[in-house]
Amino acid sequence: MDAISQGVQRMAPSATVAITQLARERAAAGHDIISLSVGEPDFDTPEHVRDAGIAAINGGKTRYTAADGIAELKQAVADKFNRDNALAVTADQCCVGSGGKQIIFNAMVATLDPGDEVIMGAPYWVSYPDIVGFCGAKPVVVPCDANSGFRLTADQLRAAITPNTRWVILNSPANPSGAIYGEAELAALGEVLLANPHVMVLSDDIYEYLIYDGARFATMASVVPALKARTLTVNGVSKAFAMTGWRIGYATGPKWLLAAMNKLSGQSITNACSISQWASVAALNGDMSFLDDWRAEFVARRNHVVERLRAIPELGCDRPKGAFYVFASCAGAMGRTSAGGTKIESDRDFVMALIAEANVATVHGAAFGMSPYFRISYATSMDRLDVAMDRIEKFCSQLI
Ligand code: GLU
């Protein structure tokens with residue numbers, strides 16, 4: 001263990017990645033496991049995007065690129081921010097990376113020193129605190145429970161800010177809760193941030209297009225333009241275009257920050273995959289009407305999962321307005337014993353017993369900083385979801 005750096009020792013493995021790998025291994029060992037653990041759409045990458053990737057391969061676009069992305073993709077990213085978010089940015093204010101996670105990692109490594117603090121509401125996406133901790137900085141976790149719709153309020157933000165605060169991380173629609181910050185909520189948070197010019201904003205907008213029930217997407221840099229100079233707006237093609245494996249994220253932010261992130265990419269990944277970058281140009285510039293069908297499908301699945309969960313006495317959940325997760329309480333299972341003899345004392349126990357005894361993989365709330373909960377990703381076919389819900393129901397009904 002001594003050979004491992006302190007930074008890596010401080011990190012926990014990504015629970016979403018680890019549990020999904022566990023599910024893969026159980027499937028490979030012959031178990032009929034249903035994986036609701038990873039956040040990735042089950043749809044195919046749209047055909048015109050796949051075609052652009054194939055054309056890139058056949059056209060020899062298979063060499064190193066600029067560390068922060070090919071000019072064509074940076075332009076497509078700038079156009080997207082102008083078109084969809086009313087953010088007046090140029091291509092040189094944009095960068096491309098190997099997934100949203102790498103962009104966030106770069107931003108944190110580029111700016112954090114020991115003693116710095118980063119504010120995030122819980123439940124949070126699993127990797128935020130570990131990336132911050134890796135940098136030697138302190139994640140300042142503010143509990144945002146179901147009563148506040150799992151959202152950070154202006155008062156909570158004000159109380160959490162200290163002279164050491166470097167960033168606040170906002171994520172809307174949120175992983176794992178599906179919560180959405182509307183314009184009014186962002187404006188209230190923005191007011192607090194305007195009074196604290198030393199705090200930067202990381203707006204993780206990766207679920208931007210997965211928003212339901214007439215809710216409207218909003219992002220801090222366009223709601224409070226005065227914050228644009230200290231906001232990094234992060235997005236990617238993974239969730240909107242079912243391109244998780246292609247690994248392309250992108251961002252816009254202040255040039256000094258992008259330059260530092262560019263340096264890090266040049267010394268680590270060199271560049272994001274050239275083929276994936278060309279496919280992403282087609283994605284961002286192309287027709288997005290297919291998303292209407294995807295959203296309709298996600299809404300049907302969400303409603304079904306919520307309905308089924310609410311019928312299980314031990315569980316409970318809200319109806320999330322975005323992303324493709326349901327973050328459900330499993331408080332009623334605590335202290336009980338499963339049919340397989342597992343004493344369930346935590347949401348992790350619950351999730352592990354569910355995998356071992358019911359062949360359904362989900363992720364425990366503790367990994368997202370809030371217990372006792374578990375996250376279901378409903379980006380799986382309705383048939384499989386239904387079987388998974390049958391199994392969860394049976395598992396809970398057998399608790400003693
Ligand atoms: N963001 C997705 C999730 O939460 C993918 C895995 C990961 O990067 O955490 O499941």
Side-chain angles (χ1 to χ4, degrees), residues 8-23 25-26 33-39 101 104 118-134 137-152 156 160 169 171 173-179 204 305 309 312 314-318 320 323-338 340 342-378 388 392 395-396 399:
V8 172
Q9 284 192 45
R10 279 192 296 271
M11 266 183 164
S14 161
T16 48
V17 172
I19 293 185
T20 304
Q21 184 56 26
L22 181 64
E25 285 162 15
R26 279 184 72 80
I33 186 131
I34 303 178
S35 179
L36 309 179
S37 52
V38 78
K101 194 183 283 186
I104 294 169
V118 178
I119 297 170
M120 60 194 77
Y124 45 68
W125 174 48
V126 291
S127 292
Y128 298 144
D130 288 293
I131 294 173
V132 169
F134 169 79
K138 183 179 159 200
V140 175
V141 175
V142 182
C144 304
D145 62 18
N147 295 327
S148 63
F150 299 111
R151 286 174 303 196
L152 181 71
Q156 285 177 308
I169 301 181
N171 174 216
N175 177 3
S177 67
D204 180 349
V305 167
L309 281 171
I312 300 172
E314 289 77 12
L315 310 180
C317 65
D318 289 332
F324 38 59
Y325 306 112
V326 174
F327 196 55
S329 163
C330 53
M334 295 302 107
R336 313 269 296 274
T337 301
S338 70
T342 306
K343 179 96 203 241
I344 296 175
E345 282 168 330
S346 66
D347 49 24
R348 190 171 184 285
D349 293 343
F350 177 78
V351 158
M352 289 304 162
L354 209 52
I355 295 175
E357 299 177 31
N359 268 323
V360 177
T362 62
V363 184
H364 47 295
F368 305 96
M370 187 161 284
S371 294
Y373 280 86
F374 68 117
R375 187 191 79 173
I376 289 177
S377 166
Y378 56 79
I392 293 174
F395 176 87
C396 289
L399 292 171

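Numbers here simply count residues along the sequence, with the first being 1. Every heavy atom of this structure was used, including side-chain atoms; hydrogens, water molecules and symmetry mates were not.
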Step-by-step side-chain contact (heavy atoms from CB on, under 4.5 Å) determination, Ile104 to Ser127 = CA-CA 9 Å; Ile104 294 169; Ser127 292; over 6 Å; no
request  = Sorted by first residue and then second, give each side chain to side chain donor-acceptor pair (under 3.5 Å) pair with at least one member in residues 364-374; sequence neighbours left out.
outcome  = Asp347-Ser371
ask   = Can you find a side-chain donor-acceptor pair between Ser37 and Thr20 that sits under 3.5 Å?
value = yes
key: Separation between OG1 of Thr16 and CZ of Arg375, rounded to the nearest 0.5 Å   = 6.0 Å
ask   = CZ/Arg26 to CD1/Ile34 distance, rounded to the nearest 0.5 angstrom?
value = 12.5 Å
ask   = Do Val17 and Lys101 have side chains that get closer than 4.5 Å, going by heavy atoms?
value = yes
request  = Taking all non-hydrogen atoms of both residues into account, name the closest pair between Ala23 and Ile33 and its distance.
outcome  = O-CG2, 3.3 Å
The single option from Pro320, Pro176, Cys317 passing side-chain contact (heavy atoms from CB on, under 4.5 Å) against Phe327 = Pro176
inquiry  = Tell me which pairs pass side chain to side chain donor-acceptor pair (under 3.5 Å) where either residue lies in residues 138-148, with sequence neighbours left out.
reply    = none
ask   = At what distance, to the nearest 0.5 angstrom, does CE of Met120 lie from CG of Asp204?
value = 11.5 Å
query = Which heavy atom in Leu309 sits nearest to a heavy atom in Ala328, and how many Å separate them?
reply = CD1-CB, 4.0 Å
inquiry  = Just to verify, what does Thr362 make a side-chain contact (heavy atoms from CB on, under 4.5 Å) with, not counting sequence neighbours?
reply    = Leu36, Val351, Leu354, Val360, Phe374, Ile376
ask   = Which pair of heavy atoms, one from Pro139 and one from Val132, lies closest together, and at what distance?
value = N-CG1, 3.7 Å
query = Atom OG1 of Thr342 and atom CG of Asp349: how far apart are they, to the nearest 0.5 Å?
reply = 7.5 Å
query = Counting only heavy atoms not in Arg336, do more than 12 sit closer than 6.0 Å to its CZ atom?
reply = yes
task = Could you check Met352 against Ile19 for side-chain contact (heavy atoms from CB on, under 4.5 Å), going step by step and ending with a plain yes or no?
result = CA-CA 9 Å; Met352 289 304 162; Ile19 293 185; 4.2 Å; yes
request  = To the nearest 0.5 angstrom, please state how far the CD1 atom of Ile169 sits from the CD1 atom of Ile119.
outcome  = 10.0 Å
key: Gap between atom SG of Cys144 and atom OH of Tyr124 - 0.5 Å precision   = 11.5 Å
note = For Arg151 and Ala179 the tightest heavy-atom approach is CG-CB, 4.0 Å
remark   = Looking only at heavy atoms, the pair that brings Glu357 and Gly340 closest together is OE1-N, 2.9 Å
